[in-house]
Each structure stands twice: as structure tokens, then as C-alpha cells.
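First comes the structure, then the notes that go with it.
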Amino acid sequence: IVDDSGKSALDMSRQGLRDILAAATERRMEVLIVEDCARLARDPEDLQRILDSLAADGVIVVHGAE
């Protein structure tokens, strides 16, 4: 569980995001559940890069705002 409460989703260098991307790269997770994709990144281009990176690592992203 990664909790980025109080951290801005505009900050692409926040520890929680780095932890998620590292876990994906190291194949330590298969699914990422987020309440809202806007918590991953506010900027649409940043969000797309994150989602593409996760998909390339085989991670399925499940979010509440479907």
C-alpha cells in the first residue's frame, strides 16, 4: 500500500510514485488499484507516460473513475 496523502499529483518525483514505478519495473506487482487516476498525475501527458510505463511492465491499472 502506497499512501501519497498530502502530496501533490503534480510532483512527478514524489516518493510514492517512485515506489510504484520501481515495484512495476521489478515485477513485484501485477495490479495497481487507485481511487482515481488523477492521483497518479494531474497532467494528462504525465499520466499517459505513467500508464504506458506500467503497461509495458505488465501492470494492470484499476481505478474508480471508469
Side-chain angles (χ1 to χ4, degrees):
I1 297 175
V2 176
D3 183 2
D4 259 352
S5 298
K7 305 290 183 186
S8 173
L10 290 172
D11 180 2
M12 296 303 292
S13 65
R14 65 192 187 279
Q15 186 62 49
L17 180 59
R18 290 195 319 252
D19 291 347
I20 288 169
L21 295 175
T25 300
E26 296 165 6
R27 306 285 198 244
R28 292 186 284 128
M29 71 174 167
E30 296 176 6
V31 177
L32 173 65
I33 301 170
V34 294
E35 186 175 332
D36 184 344
C37 278
R39 291 304 310 140
L40 290 175
R42 294 286 185 201
D43 181 274
E45 290 177 7
D46 288 339
L47 177 58
Q48 191 60 57
R49 279 191 290 275
I50 292 168
L51 293 175
D52 289 346
S53 175
L54 291 168
D57 290 329
V59 176
I60 297 168
V61 177
V62 177
H63 56 92
E66 299 258 349

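In this text, all values refer to a predicted model and were calculated from it rather than measured experimentally.
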Exercise. Any idea which heavy atoms bring L17 and D4 closest together, and the distance?
Worked result: N-OD2, 3.8 Å
Problem set entry | salt bridge (charged side-chain N to carboxylate O under 4.0 Å, His left out) contacts in which one or both residues fall within residues 44-53, not counting sequence neighbours | D46-R49
Seminar exercise, completed: Nearest heavy-atom contact between L47 and A41 is N-CB, 3.6 Å
Problem set entry | Heavy-atom pair with the smallest gap, counting every atom of V2 and G16 | CG1-CA, 3.5 Å
For this session: Give the intermediate values and the outcome of side-chain contact (heavy atoms from CB on, under 4.5 Å) for residues L54 and I20.
Result: CA-CA 9 Å; L54 291 168; I20 288 169; 4.2 Å; yes
Exercise. Taking atom NE2 of H63 and atom CZ of R39, what is their separation to the nearest 0.5 Å?
Worked result: 15.0 Å
Problem set entry | Qualifying salt bridge (charged side-chain N to carboxylate O under 4.0 Å, His left out) pairs, either residue in residues 16-28, two or more places apart | E26-R28, R27-D57
Problem set entry | Minimal non-hydrogen separation, A9 against M12, with atom names | O-SD, 4.2 Å
